[in-house]
Amino acid sequence: MAPVFTRRIMGVETEFGVTAVRDGRPVLSPEEISRYLFRPVVAKHRSSNIFIANGARLYLDVGAHPEYATAECDSIDQLIAHDKAGERIFAKLARTAEEALANDGVPGEVYLFKNNVDSRGNSYGAHENYLVSRELVLKSLSRQLLPFLITRQLICGAGIIKNGRYLLSQRADQVWEGVSSATTRTRPIINTRDEPHGDSHRFRRMHVIVGDSNMSEPTLALKIGSTLLVLEMLEAGFDLPDFELDDPIEHIRDIAADPSGHTQLKLRRGGHVSAFEVQKATFEAATRWMEHREADNTEMEKVLDLWGRVLAAIDSQHFSGVDREIDWVIKRKLLTQVKNELGCQWSHPKLAHIDLAYHDIRPERGLFYLLERKGLVARWSSDEAIDAAARQAPQTTRAKLRGDFLQAVRQHGASYNVDWVNLKVNRPEPRTVELLDPFASEDERVDALISYVKAQQ
């Protein structure tokens, strides 16, 4: 049996949609706006692909999508704070970009959207990374995970209006394969490209690219926490029901259109199971697993409580118990109220505008944050924790070492290179430290490297 990582390294990568508008019309292309957005980053670091003080990676991805990859986190609370810190960092860049546009005689409001589909149908991702044991066969693990992952949109989708209907998930319509080493051509649910960002003899990095971007903190907690519990159970060989599907992709879009969870999925060994039954059986197994789990269960008890309440809401179709916590429920409630006031269909353009405005990350303008200020959405983290995460790397993982190194080399003007694993000082004598253990937050070699940097001044 593979090791069970009840303490697990995880991270989230978020690609943002970007535009700049004046009087309701775009003023520049996304590529041009992105250059404005990253202008201060390039001016300071001579690159649009950097690691920042809190250990995260900030870069401009293919297709002019600004992207933020959190530092390595080892708890749900920590991950949520660092994910939200990314929004605040990019919101600050957006304000600076607006000033630069105005100075260049091209005034406009810069919008960054934490969603997954733009008005032209282009898709961009919200990827999850989970550290798993090298002893696990990833393709076999993936087959067991797929039923859970395609039905997970029931509990943590972001919701979207499309083709005159309200769907649970933005991402469900954008994936075309179950497991693949590709990320853009086929857009699989699980990417198997072997990039452990650590000791390849001990670790794998499981890269999940089917999930929606979440504005709601509790929704993100449920998405990550439920997946962590399933991974733990699979690693432990715990008694999970066998829901291996005949074709994992066949009904993913049907599930997105059916908030009752009644969509029937064809099992590989014959028979059918509903999407709701997959989630319910997995939740019940996770509840049993908690009796065997050798770790602090405080976070996971909160996850299980929310998971159970969402399933109860789906079963009864009464969502008042979770309409402050789950993105697709929060948004559908708001849109339904407006739809009823207007007496219109889902295709009404005002509803599409509200749908998009929900994902605007600017706290002074975004619709989600307006709901938050009115107490209409629940929190999981706090402003203080998010502000701290924007400044400082997680202190319990390898990210701390990266953060300490970056502070030293930038303070002393040293020439350096850094990535997820390597810390390198280029001059006067090149020195590199390779960090293969994502769990390690202390390392004498890094201390010596920082001392070397300071001694050159």
Side-chain angles (χ1 to χ4, degrees), residues 3 5-13 41 44-59 68-83 85-86 88-89 129-134 195-205 295-296 384-457:
F5 293 154
T6 49
R7 179 190 173 212
R8 190 177 304 271
I9 298 295
M10 66 199 99
V12 174
E13 305 166 37
V41 176
K44 187 173 182 179
H45 302 286
R46 292 180 294 177
S47 175
S48 62
N49 183 353
I50 66 165
F51 283 84
I52 58 178
N54 71 350
R57 183 183 174 205
L58 191 76
Y59 58 112
Y68 177 84
T70 67
E72 303 91 328
C73 297
D74 65 354
S75 73
I76 296 171
D77 290 357
Q78 193 179 75
L79 181 61
I80 290 172
H82 278 265
D83 175 72
R88 297 193 178 186
I89 290 165
N129 296 295
Y130 303 92
L131 192 74
V132 297
S133 169
R134 174 60 62 172
E195 294 179 336
H197 294 327
D199 185 346
S200 61
H201 298 290
R202 297 175 59 197
F203 306 121
R204 286 185 182 274
R205 178 173 65 107
D296 183 351
E384 293 76 17
I386 296 167
D387 286 340
R391 297 188 303 268
Q392 186 180 61
Q395 298 295 288
T396 53
T397 74
R398 176 178 62 190
K400 177 183 184 300
L401 301 173
R402 186 183 308 114
D404 291 347
F405 175 77
L406 286 171
Q407 180 181 11
V409 293
R410 288 170 179 168
Q411 180 179 347
H412 291 85
S415 173
Y416 68 94
N417 295 100
V418 64
D419 60 29
W420 291 111
V421 172
N422 298 290
L423 310 177
K424 181 183 179 183
V425 176
N426 296 319
R427 291 190 292 271
E429 175 189 342
R431 295 190 181 185
T432 301
V433 173
E434 188 178 33
L435 303 174
L436 295 177
D437 185 356
F439 293 100
S441 58
E442 297 181 0
D443 192 307
E444 292 180 354
R445 298 172 302 155
V446 177
D447 295 339
L449 190 63
I450 290 173
S451 296
Y452 174 71
V453 169
K454 295 178 178 179
Q456 307 311 313
Q457 304 305 304

Applying side-chain hydrogen bond (donor to acceptor under 3.5 Å, both in side chains) to T396 and not counting sequence neighbours gives D74, Q78
Are more than 12 heavy atoms, taken from residues, nucleotides or ligands other than Q407, located less than 6.0 Å from that residue's CD atom? no
Closest heavy-atom pair, V418 versus Y416, reported as atoms and distance to 0.1 Å, is CG1-CE1, 4.1 Å
Original post:
So, T70 side chain and V12 main chain: donor-acceptor pair closer than 3.5 Å or not?
Top reply: yes
CD1 (I9) and CZ (R205) are apart, to the nearest 0.5 Å, by 13.0 Å
Sorted by chain and number, sequence neighbours left out, salt bridge (charged side-chain N to carboxylate O under 4.0 Å, His left out) with R57 holds for none
Taken in chain and number order and not counting sequence neighbours, the residues that satisfy side chain to side chain contact (heavy atoms under 4.5 Å, CB included) with K400 are Q395, D404, S441
In the structure I gave you, are the side-chain heavy atoms of H201 and R134 within less than 4.5 Å of one another anywhere?
no
Salt bridge (charged side-chain N to carboxylate O under 4.0 Å, His left out) filter on R391, not counting sequence neighbours, yields none
| query | Does Y68 reach the side chain of I52, with side-chain heavy atoms less than 4.5 Å apart? | reply | yes
Between the OG1 atom in T432 and the CG atom in L449, the distance rounded to the nearest 0.5 Å is 8.0 Å
Sorted by chain and number, sequence neighbours left out, salt bridge (charged side-chain N to carboxylate O under 4.0 Å, His left out) with E429 holds for R431
Here the gap from I50 atom CD1 to H45 atom NE2, rounded to the nearest 0.5 Å, amounts to 4.0 Å
Side chain to side chain contact (heavy atoms under 4.5 Å, CB included) filter on A389, not counting sequence neighbours, yields A81, H82, A85
Applying side chain to side chain contact (heavy atoms under 4.5 Å, CB included) to E434 and not counting sequence neighbours gives V421, N422, L436
Checking side chain to side chain contact (heavy atoms under 4.5 Å, CB included) for the pair R202/D437: CA distance, chi angles, key distance, verdict?
-> CA-CA 9 Å; R202 297 175 59 197; D437 185 356; 4.0 Å; yes
Sorted by chain and residue number, the ring pair (Phe, Tyr, Trp, His ring centres under 6.0 Å) partners of F51 (sequence neighbours excluded) come out as W420
Sequence neighbours excluded, the answer for side-chain hydrogen bond (donor to acceptor under 3.5 Å, both in side chains) partners of Q392 is none
Worksheet entry | Residues D387 and R88 bridged, charged N to O under 4.0 Å | yes
query: Does the R8 side chain pair with the main chain of L131, one donor and one acceptor, at a distance under 3.5 Å?
result: yes
Are any non-hydrogen side-chain atoms of L401 and V433 less than 4.5 angstrom apart? no
Result for side-chain contact (heavy atoms from CB on, under 4.5 Å) between N129 and one of E13, M10, E195 points to E13
Hits for side-chain hydrogen bond (donor to acceptor under 3.5 Å, both in side chains) against N426, two or more places apart or cross-chain, chain-then-number order -> S415, N417
Output for pair (L406 CG, N54 CG), nearest 0.5 Å, gives 9.5 Å
Q. If we only count heavy atoms from C-beta on, is the V41 to Y59 side-chain gap below 4.5 Å?
A. no
Hits for side chain to side chain contact (heavy atoms under 4.5 Å, CB included) against A399, two or more places apart or cross-chain, chain-then-number order -> A71, E72, A393, P394, T397, R402
Salt bridge (charged side-chain N to carboxylate O under 4.0 Å, His left out) filter on R204, not counting sequence neighbours, yields none
Any heavy-atom pair between the side chains of P438 and H197 that's under 4.5 Å? no
